[in-house]
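Taking it in order: structure first as structure tokens, then the write-up.
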Amino acid sequence: MSKNVSDVRIDAQFDSGNIEVLEIAGASAKLAIPRDHMSEFRQWFHFRVSGAKGRELTLRITGLADSAYPDGWPGYQAVVSEDRHFWGRVADTSYDQDADGGTLTIRYAPEGNIAFFAYFAPYSMERHHDLVAEAAASPGVEHRVLGTTLDGQPIDCLELGEGTTQVWLYARQHPGESMAEWWMEGALEVLTDPADPVAMGLRKVCRFHVVPNCNPDGSRRGHLRTNAVGVNLNREWHEPSAEKSPEVLAIRNAMDETGVDFAMDVHGDEAIPVAFLAGFEGIPSWTDEQGEGFYRYQRILARRTPDFQTEQGYEKAKPGSANLTMSTNQVAERFGAVAMTLEMPFKDNPANPEPAQGWSPERSKLLARDCMAALLEWLADG
């Protein structure tokens, strides 16, 4: 006598959750990624599967040929966690660009009854508040709220250091690039450690302004790239507004108060499987001296860690053609700063692979440590 096996259950109504369930049959499901609210961007997914113990799941995420970055799917492996602490890669992940308008198929057999799947290891707003509270309680750290988002969330900034070199570190303008806030956690662990020699050196010569999450609304809503009203914040830096981009307006106003000498805007890139930096070539006020400051930092970081390289990255802008709505270009132009965008991968680094996790929260945090050590060396050589 046969026994009917119930369908698994799929949920995404939680912090940073995002998926549309089209069909479930037993342990198989057909899914789609909703667009960011008031936007055409879609790529981020994060959902929970329950009722899965002892069953091999087959999850098909369809319609990806017109996602924000379709080139990001070939060679990509989804991440999974059963305890929400360790996030590993699903080895049996494949992409068929011809099936159902582009389909990512994830096959996985959980050991327990519940498994969470995501585009990258999520960084929840609850963890964000834990990070901010712990850092703010550290000796010598000041916390201030730069402004309020459209959903009414605070834009947190942590400040520390006794020096005069004004350093701005900010992340997650694009909320689905969650590796950026994992990087921030690593950077803050270094900077707030009273016994860390790198931190001691940096705190003597720098005043740090750290914004771990520039886009709390998009993060909580489960967006890839936009805020509560579908605005890409990294295209708002020339003329931010309280109505569309209060996050950028608040951060840029705070920068105007302090000035900026060195700035790093932390992101993730969907398609390029390595970590790299993008600079500010093409700004109207470009000087070779300012540009060499960026290239010198780039060389130092490449020497310090095999998880960073300079061979792959974005094409440099031609003279005078820089997009000043983007933060790195705007900050370099506005303040004469050495500014840069750090990009980390969603995929594994083929030159330095780690099959169990690929690029991960742990590697993001380690790269942050190397970035801070590189900054100290850069300042000493300058």
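For reference, positions follow the sequence shown, starting with 1. Note that the coordinates shown come from a computational prediction; the quantities given were computed from them, not determined experimentally.
For the pair D11 and Q13, the minimum side-chain heavy-atom distance is 4.5 Å or more. In this structure, the side chains of L31 and T62 stay at 4.5 Å or more apart for every pair of heavy atoms. Side chains of W73 and L104 form a contact here, defined as non-hydrogen atoms less than 4.5 Å apart. Between S241 and L249, the closest side-chain pair of non-hydrogen atoms is not below 4.5 Å. Side-chain atoms of D66 and R42, non-hydrogen and from C-beta on, do get closer than 4.5 Å to each other.
Sorted by first and then second residue, the side-chain hydrogen bond (donor to acceptor under 3.5 Å, both in side chains) pairs with a member in residues 114-140 read Q43-Y119, Y123-E185, R127-E185, H128-D156, H128-E181; sequence neighbours excluded. Judged as a side-chain hydrogen bond (donor to acceptor under 3.5 Å, both in side chains), not a single pair has a partner in residues 21-30 (not counting sequence neighbours). For the ring-ring contact (aromatic ring centres under 6.0 Å, His included) condition, the pairs that include at least one residue of residues 303-328, sequence neighbours left out, are F276-Y314. Every pair passing side-chain hydrogen bond (donor to acceptor under 3.5 Å, both in side chains) that includes a residue from residues 100-112 is listed here, sequence neighbours excluded: E82-Y108. The ring-ring contact (aromatic ring centres under 6.0 Å, His included) analysis of residues 184-219, with sequence neighbours excluded, yields the pairs W168-H209.
Distance alone, capped at 3.5 Å, is enough to place a donor-acceptor pair between the N227 side chain and the K244 backbone. A distance-only check finds no donor-acceptor pair linking the side chain of D217 to the backbone of A228 [under 3.5 Å]. Checked by atom type and distance alone, the side chain of E270 never pairs as donor or acceptor with a backbone atom of G72 at under 3.5 Å. Within the 3.5 Å criterion, the main-chain N or O of P319 finds no donor-acceptor partner in the side chain of E281. Checked by atom type and distance alone, the side chain of D193 never pairs as donor or acceptor with a backbone atom of A199 at under 3.5 Å. With hydrogens and angles disregarded, no donor-acceptor distance shorter than 3.5 Å links the side chain of R221 to the backbone of S16. The backbone N or O of L224 lies less than 3.5 Å from a partner atom in the side chain of D36, making a donor-acceptor pair. For D348 (side chain) and P350 (main-chain N/O), no donor-acceptor pair under 3.5 Å exists by modelled atom type. Checked by atom type and distance alone, the side chain of S360 never pairs as donor or acceptor with a backbone atom of Q357 at under 3.5 Å. Judged purely by atom type and a 3.5 angstrom limit, Q97 has no side-chain atom pairing as donor or acceptor with the backbone of G102.
Evaluation of the salt bridge (Lys or Arg N to Asp or Glu O under 4.0 Å) rule for D256 yields R334 as partners, not counting sequence neighbours. Partners of E311 by salt bridge (Lys or Arg N to Asp or Glu O under 4.0 Å), not counting sequence neighbours: none found. With sequence neighbours excluded, the residues satisfying salt bridge (Lys or Arg N to Asp or Glu O under 4.0 Å) with D307 are R363. Under the salt bridge (Lys or Arg N to Asp or Glu O under 4.0 Å) criterion, E343 pairs with no residue, sequence neighbours left out. Applying the side-chain contact (heavy atoms from CB on, under 4.5 Å) rule to T287 yields the partners E289, Q290; only residues at least two apart in sequence or on another chain are considered. Judged as a side-chain contact (heavy atoms from CB on, under 4.5 Å), and not counting sequence neighbours, the contacts of E40 are R35.
In the hydrophobic clustering, W87 connects to F14, V79, I114, F116, either directly or through intervening members, whenever side-chain heavy atoms lie under 4.5 Å apart.
With E257 as reference, R144 is the one residue of R252, R207, R144 to meet the salt bridge (Lys or Arg N to Asp or Glu O under 4.0 Å) rule.
Residues T310 and Q298 have side chains that never bring a donor and an acceptor to within less than 3.5 angstrom of each other. There is no side-chain donor-acceptor pair under 3.5 Å between E177 and W183.
Ring-plane geometry between F280 and W286 is classed as tilted, the angle between the planes lying from 30 to 60 degrees on a 0 to 90 degree scale. Under the 30°/60° scheme for interplanar angles, the aromatic rings of F45 and F47 are found to be tilted.
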